[in-house]
J.: 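There's a structure below that I have some questions on.
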Amino acid sequence: MVEQNLAFRSATISVLVENESGVLARVIGLFSGRGYNIDSLTVAPVERDRSKSRITIVTSGTEMVIEQIKAQLGRLVPVYRVQDLSKEGPHLARELALIKVVGIGDARQEALRLADAFRARVIDASTESFIFELTGATDKLDAFLDLMRPLGLAEVSRTGVAAIARGKATIE
Amino acid sequence: MDGSIKTTEIMKSGAEALLRALKDQGVDVIFGYPGGAVLPIYDAIFQQNAIRHILVRHEQAAVHAAEGYARSTGKVGVVLVTSGPGATNAVTGLVDALMDSIPIVCLTGQVPTHLIGNDAFQEADTTGITRQATKHNYLVKRSEDLSRVVHEAFHVAKTGRPGPVLIDLPKDILINPAPYAEPNNLPHRSYRPRTTPDARKVAEAVALMKRAERPIVYSGGGVINAGPEAAKLLMEFVRLTGFPCTSTLMGLGAYPASDPQFLGMLGMHGTYEANMVMHGCDVMLNMGARFDDRVTGRLNAFSPGSKKIHVDIDPSSLNKSVMVDVGIVGDATETLRALIAAWNADTQTQDREALAKWWQQIDVWRSKNSLRFTQNRDPGSIIKPQYAIERLYKATRGQAKDTYVTTEVGQHQMWAAQHFKFDKPNRWMTSGGLGTMGYGLPAAMGVQVAHPDALVIDIAGEASILMNIQEMGTLAQYRLPVKIFILNNQYMGMVRQWQELLHGNRYSESYSEALPDFVKLAESFHAVGLRAEKIEDLDKVIAEMLAVDRPVIADICVDQKENVFPMIPSGAAHNEMLLGPEHKANAGGYNGGSVTDEGLVLV
């Protein structure tokens, strides 16, 4: 019997797909229909002629489940390529967040100081609020949001993860 | 199949372009039902002779008929239904074809493009509804895409792991002129299924099998789907190696049942020897099967001591439920050919002595005769369902005609699988994965359309047959002499069996109350109705059924209490199989005591 590795791992998977109607629904339907997790999902056309889109999915599961997810994605007719970035060498993963912090006085000052330390940009300000724009790895965004919570964190909009392999190799 | 194909001509209407595309794909018959959105296609059908249309009585039956056609010919089955309810009625058939990997192209009408999303009359979001019910689906929004999409749909349906593909056709696309492009052989942009096995993996597999002391070949529907050549090669491989061979429900006929190296079907209602071999083997070659839960029983006790080799055309089948040692992605024909070549090239010698000992053990298991049943032969005796199948099988052996069998779903299906022996592929059509009651009659219809001179029998239960009984009308209209052989025990037998074994004999809603008189029912549909109530009627009824060149319903009244054995209860392992009441070794009998709480939640 082949031993199963039952440890959970997180996987960042890039999927290059034909940019046609319904393709995102196919991917999402696959995840919901088979009970896989989606921690983050982003999609946008990446070719000049908009013929292909790149979907980046962050998911988690046992090794067997993650391999199954990749195989199921590869089986979809409009899918060109499935790349497991977490497995196929080093990669970069970034997301962007827009963060609204409401407050006055010391809390407001502290929020601004911390934003500076995290290299978050102020993209909107009123006398009682800031909107910060912060780019980085998911855990950096999480850490910043934890710090903002007691300082008047009011609203967050996050893009989800975009990821790419390091070095000259490409997905195609 | 990209956009660069040359346009050859402009057709008067999309419907004409569609029919031209079907003709160029080699389609000779469509199973369908008309309605508002597909009227332009029906008008085009009226004006041509190349493609025959079979008018079914319900859209679900159209898909099952196409499945029967496809499974018995190896060709793509084609379905045509209207928008809205036409499409939603077809969904069960599509999922059935998806689960059993049957190539189908289903054409659905749709409201005109400008009305899509407006909740128009007979509008349904067909591509949305069928996304998870098909291998792939299309909505044609531009006339210039129409012929390309049709050609692509056929390519996707029949290549790789076959499956149903749906094309949703808005009415304006069917009416407006459309350019027609012939099929081309350019590779698809993104869809490129792999059929050639990795030579390194093949060599690894052969090395494992050469050293095997207790081997088994476990073959499945993939061998049937790969075509008759794969079945021949399977036979060649099994002969070459001297291995025993078992088959899934979907794979029956790929390896001849009458061959001594065949152990019968495996799984929940498989033979004792097949399941014991699976449990005790040291090397397993899974050829085109998918480790379905009906086959494996409790996963953590499934074939615990074996090295597993899995050949499948679908990469997602590998390591899905059972982790394997060697996974090979490939078409069954190509892979079997590669395995035979590699076996012959490999210099290791096989341990024939160990293999002979394995066969001795197998013969001990075989001698249990696990499919045994007791039929009282005294006149007036009640007919055992197994005996009815056995007599039917014997009677068909004497026929010059090629015999095809379809089934509905339930006890009768398992008895047919156990007692009707298939020596050739494509002769056995059953709903394996989805387990769709009502499959057998329309499937038999599709088989008979494809093989007008063959003997086509639907082995049915009295409950299942009522789920698509309206198709008796289709049989009459097209003079399709399908034989419907009902094992009538007045119960949804498999439900009753589970209630007996697992739910304390509480037969909740499983009694078939107020059944029709099947003889009169047959007559009202212009067919012949026959009935056997006692053992002395049986052979007579079978002989008469086979002699008549018309559709027949034979109502065989069988023992109501009979259960399907052997049985691996839910949540049990292969070696924990329950044998029938005839087997003394099984002293405690089948009281359900060995079904665990965990097993109880399984289906």
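First the proteins, then the strands, lettered A, B, ... as listed; each starts at 1.
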J.: For B:D314, which atoms come within 4.5 Å of any heavy atom of chain A: side chain, backbone, both, or neither?
T.: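 Only the side chain of B:D314 comes within 4.5 Å of chain A.
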J.: Take a 6.0 Å sphere around CG of B:N118 and say whether it holds more than 12 heavy atoms from other residues, nucleotides or ligands.
T.: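 It does: B:N118 CG has more than 12 such atoms within range.
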J.: Counting only heavy atoms not in A:I104, do more than 12 fall under 6.0 Å of its CD1?
T.: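 For A:I104, atom CD1 is not crowded (no more than 12 foreign heavy atoms under 6.0 Å).
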J.: Evaluate the side-chain proximity of B:H136 to A:P78: yes if any heavy-atom separation is below 4.5 Å, no if none is.
T.: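 Yes, their side chains come closer than 4.5 Å.
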J.: What residue, out of A:Q72, A:M64, A:R26, A:R81, has the most heavy-atom pairs lying under 4.5 Å from chain B?
T.: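 The option with the most such pairs is A:R26.
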J.: Rounded to the nearest 0.5 Å, what separation is found between the CZ atom of B:R192 and the OH atom of A:Y80?
T.: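 Here the rounded value is 8.5 Å.
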J.: What part of A:V77 lies closer than 4.5 angstrom to a heavy atom of chain B: side chain, backbone, both or neither?
T.: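 Contact with chain B: backbone and side chain both.
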J.: Where does A:L30 contact chain B at under 4.5 Å (heavy atoms): side chain, backbone, both or neither?
T.: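 For A:L30, the contact with chain B is made by the backbone alone.
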J.: If I measure from the heavy atoms of chain A, does B:L318 come under 4.5 Å with its side chain, its backbone, both, or neither?
T.: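 For B:L318, the contact with chain A is made by the backbone alone.
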J.: CD of A:E20 to CZ of B:R189: how many Å apart, nearest 0.5 Å?
T.: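 Those atoms lie 7.0 Å apart.
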J.: Can you confirm whether more than 12 heavy atoms, excluding those of A:E128, are under 6.0 Å from its CD atom?
T.: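 For A:E128, atom CD is not crowded (no more than 12 foreign heavy atoms under 6.0 Å).
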J.: What part of B:S321 gets within 4.5 angstrom of chain A, counting heavy atoms only: side chain, backbone, both, or neither?
T.: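 Only the backbone of B:S321 comes within 4.5 Å of chain A.
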J.: Would you say CZ of A:R9 has more than 12 non-hydrogen atoms from neighbouring residues, nucleotides or ligands within 6.0 angstrom?
T.: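 Yes.
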J.: Please give me the minimum heavy-atom distance between B:K141 and A:S21, naming the atom from each residue.
T.: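 The pair with the smallest heavy-atom distance is NZ-OG, 4.1 Å.
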J.: Which heavy atom in A:R75 sits nearest to a heavy atom in B:S316, and how many Å separate them?
T.: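 Between these two residues, the closest heavy atoms are CD-OG, 3.3 Å.
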J.: Mind checking the CZ-CG spacing from B:R131 to A:L76? Nearest 0.5 Å is all I need.
T.: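 Reported to 0.5 Å precision, the distance equals 11.0 Å.
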J.: For A:R113, look at atom CZ and say whether over 12 heavy atoms of other residues, nucleotides or ligands are found less than 6.0 Å away.
T.: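 Enclosed: over 12 neighbouring heavy atoms sit under 6.0 Å from CZ of A:R113.
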